[in-house]
Each structure stands twice: as structure tokens, then as C-alpha cells.
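Take a look at the structure below.
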There are 2 protein chains.
Amino acid sequence: MTDELLRALADPMRTRIVELLAGEQLCVCHLVAETGATSSNLSNHLRLLRSVGAVEAEPAGRYTYYRLRPEVLDAVSAHYAALASRSRLASAVKRPCA
Amino acid sequence: MTDELLRALADPMRTRIVELLAGEQLCVCHLVAETGATSSNLSNHLRLLRSVGAVEAEPAGRYTYYRLRPEVLDAVSAHYAALASRSRLASAVKRPCA
DNA sequence: GCATCTGATCAGCCGGTGCTGACATCATCG
DNA sequence: CGATGATGTCAGCACCGGCTGATCAGATGC
């Protein structure tokens, strides 16, 4: 659960990419068509998503298919679930101030 | 599941705040002591976290206690869990490129 | 009332980060 | 091989967003 992973997933364009990839595997040209962004722009975002392990690339001839890595998304989900769980217990504790 | 909520939670300092609040309710002076940040800096972060509904403030005399809102964290967790679930099915689908 | 303390707000600065445009690379096809 | 098209890389610019410092509003205590 690195901080960089959360930051990578929180960007609007990358959120959009992740949602598109959650439906089916796509190559960059599909993402260009769906988002309207330039290919170099998308390539930069995809490199970042790869670097944090959120997606993986599969070269197929001159195309490159991208897919999500479910384990990573599960880890993020579990992270927030744990925070939610702990914070319910925390409602009973209030550290004295003075 | 607004995009602003994810961005708010993805910032390093705010991640730290959320983790501290997951353990117990704290007032700003505690957060100052724990993080080493200035009070105005923290106040800015807390205002943002309030605006996206991640935390709520309870004035108590001249102090202000903050606590997390578990439902919101659960919603974020569910959001990523849903993406993980969908992406597992998506591994079987690959949109043709040409 | 006056001093003090907590916390909020705002303007301004500044660094990180996303977008663009040009170029490089590699595969495919004629 | 030469052309085309898909993708990646990088430098440069612009803008968003976090940090700071000054100021202010309430609450507390002398």
C-alpha cells in the first residue's frame, strides 16, 4: 500500500483509464479513442500506472494491450476497509487535550 | 465516490492525518504534536477533508475534535473492491484493435 | 477588560506534476 | 527497403496545489 499507488489512482485521467480497463483489456489506440487524450499523454499516464503495479502491458505485434492487476486493487480496497474498521472503534476513544 | 474524495485521501499529509484519526479522536493540537506540521497547514488539510466528507469536526470549548466518517471509507473500499471484481472478469475480454 | 491560546482563513510564493510537441523505436505491409 | 502507423521517451511550459506568515474570531483565565 504505497502512497504513490494511491496518488497514481487518484488522478482524474488515470481514474478514467482504470475504469475503462475494468471492463475489458484495451490497447492504447482504444484509450485514445475513448478519452480523447493524445497518445503521448496516455503513454505517460500508463507508464506511471505500470510503475506502481496497477496495470500490466502485453505487447501484441505493434499494439500494446493493457489490463488491470486485481490483486493491487484488492489491496487498496482492504486498506480502506481496515481504516473504516479501526475508525469505528476509534469513535469511543478521545484523547484528552489539556 | 467523487474524484475529489480520492484526491483528498491520496495526499501524504492527509493520509497521515487519516491514519492518526483511525486510532482515536484527536484535536488539532494533537495533530500538530504528532505530525510536526503547523496549525494553519493542518487546518487547511482538515478543511479539505471536511469538504469531501471524510472527517467531521466537533467543537469542544476552544478545542476542536476531529473524527473519521467510517461510511465514507467503506464507500471508497467498496469502490476499489468493485473495480477489482470487474477487472477479474475483464481479463477474459480483449477488444480487437484493427 | 485584557492577555493568551486554539483554530480558521486568506494571500502569496514555489515546487511538483500533467500536457504538449518533437523525436525515437519497432512492427507491419507494399 | 521505404512508408506507415502504434507506442514510448523526453524537454519544456503552464498550472494546480501545498506550505508559510499574517490576521482574525472565539473561548478561557487572570
Side-chain angles (χ1 to χ4, degrees), chain A residues 2-21 24-68 94-98, chain B residues 2-21 24-68 94-98:
Chain A
T2 78
D3 194 77
E4 289 159 3
L5 173 59
L6 295 186
R7 291 178 73 77
L9 293 175
D11 176 81
M13 174 66 78
R14 292 192 289 270
T15 296
R16 180 109 181 79
I17 293 172
V18 167
E19 282 170 359
L20 288 168
L21 290 180
E24 53 185 335
Q25 297 184 46
L26 298 171
C27 72
V28 182
C29 60
H30 294 139
L31 293 171
V32 168
E34 293 283 348
T35 64
T38 65
S39 65
S40 68
N41 185 6
L42 281 168
S43 196
N44 283 325
H45 284 299
L46 289 168
R47 176 172 37 161
L48 182 57
L49 287 173
R50 255 180 304 156
S51 76
V52 298
V55 306
E56 58 189 2
E58 177 195 347
R62 67 175 152 184
Y63 305 111
T64 305
Y65 275 92
Y66 279 88
R67 62 172 155 267
L68 293 179
K94 188 184 291 189
R95 188 192 295 192
C97 204
Chain B
T2 79
D3 194 78
E4 289 159 3
L5 172 58
L6 295 185
R7 291 177 71 77
L9 293 176
D11 176 81
M13 174 65 79
R14 292 192 290 269
T15 296
R16 180 107 181 81
I17 293 172
V18 167
E19 283 171 359
L20 288 168
L21 290 179
E24 51 185 335
Q25 297 184 47
L26 297 171
C27 74
V28 182
C29 60
H30 294 140
L31 293 170
V32 169
E34 294 283 346
T35 64
T38 65
S39 66
S40 68
N41 185 6
L42 281 168
S43 195
N44 283 325
H45 284 299
L46 289 168
R47 173 170 42 159
L48 182 57
L49 286 173
R50 256 181 304 157
S51 76
V52 299
V55 306
E56 60 188 2
E58 176 195 348
R62 67 176 151 184
Y63 305 111
T64 306
Y65 275 91
Y66 279 89
R67 61 172 153 267
L68 294 179
K94 188 183 291 190
R95 189 191 295 191
C97 203

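Per chain, numbering begins at 1; letters A, B, ... match sequence-line order.
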* Report yes or no: does B/His45 contribute a side-chain atom to a donor-acceptor pair with the main-chain N or O of B/Ala8 at less than 3.5 Å? => no

* All side-chain hydrogen bond (donor to acceptor under 3.5 Å, both in side chains) counterparts of A/Arg7, not counting sequence neighbours -> none

* CA sep, side-chain torsions, deciding dist, call: B/Leu20, B/Leu31, side-chain contact (heavy atoms from CB on, under 4.5 Å) -> CA-CA 8 Å; B/Leu20 288 168; B/Leu31 293 170; 3.9 Å; yes

* **Degree of bending in the helix from C/dG1-D/dC30 to C/dG30-D/dC1 once both end axes are built from five pairs, to 10°** => 20°

* Could you tell me whether A/Glu4 atom CD has more than 12 heavy atoms of other residues or ligands within 6.0 Å of it? => no

* B/Arg47 vs C/dG7: side-chain N/O to OP1/OP2 distance below 4.0 Å -> no

* Kindly say whether A/Arg95 contributes a backbone atom to a donor-acceptor pair with the side chain of B/Tyr65 at under 3.5 angstrom? => yes

* To do: Could I get the full list of side-chain hydrogen bond (donor to acceptor under 3.5 Å, both in side chains) partners for A/Glu19, not counting sequence neighbours?
  => none

Show me the side-chain donor-acceptor pairs of residues 46-55 of chain B shorter than 3.5 Å, one per line, residues at least two apart or across chains.
unit_1	atom_1	unit_2	atom_2	d
B/Arg47	NH2	B/Asn44	OD1	3.0
B/Ser51	OG	B/Leu48	O	2.7

* To do: Just call it for A/Tyr66: base, sugar-phosphate, or nothing, with non-hydrogen atoms closer than 4.0 Å on any strand.
  => sugar-phosphate

* A/Thr64 near the nucleic acid: base, sugar-phosphate alone, or nothing, with a heavy-atom cut-off under 4.0 Å? -> sugar-phosphate

* **Side-chain touch B/Ile17/B/Leu42, heavy atoms, less than 4.5 angstrom** => yes

* Asked: Reckon B/Cys97 touches a base, only the sugar-phosphate, or nothing at all at heavy-atom distances under 4.0 Å?
  -> nothing

* Structure fact -> Value for OH (B/Tyr66) from NE2 (B/His30), rounded to nearest 0.5 Å, stands at 14.0 Å

Provide a list of protein-nucleic acid N or O atom pairs under 3.5 angstrom, restricted to nucleotides 23-27 of chain C.
none

* Does some side-chain heavy atom of B/Gln25 sit less than 4.5 Å from a side-chain heavy atom of B/Glu58? -> yes

* Let me have a per-nucleotide readout for nucleotides 15-20 of chain D, 5' to 3', with B, S or -, counting only protein heavy atoms under 4.0 Å. => --SSSB

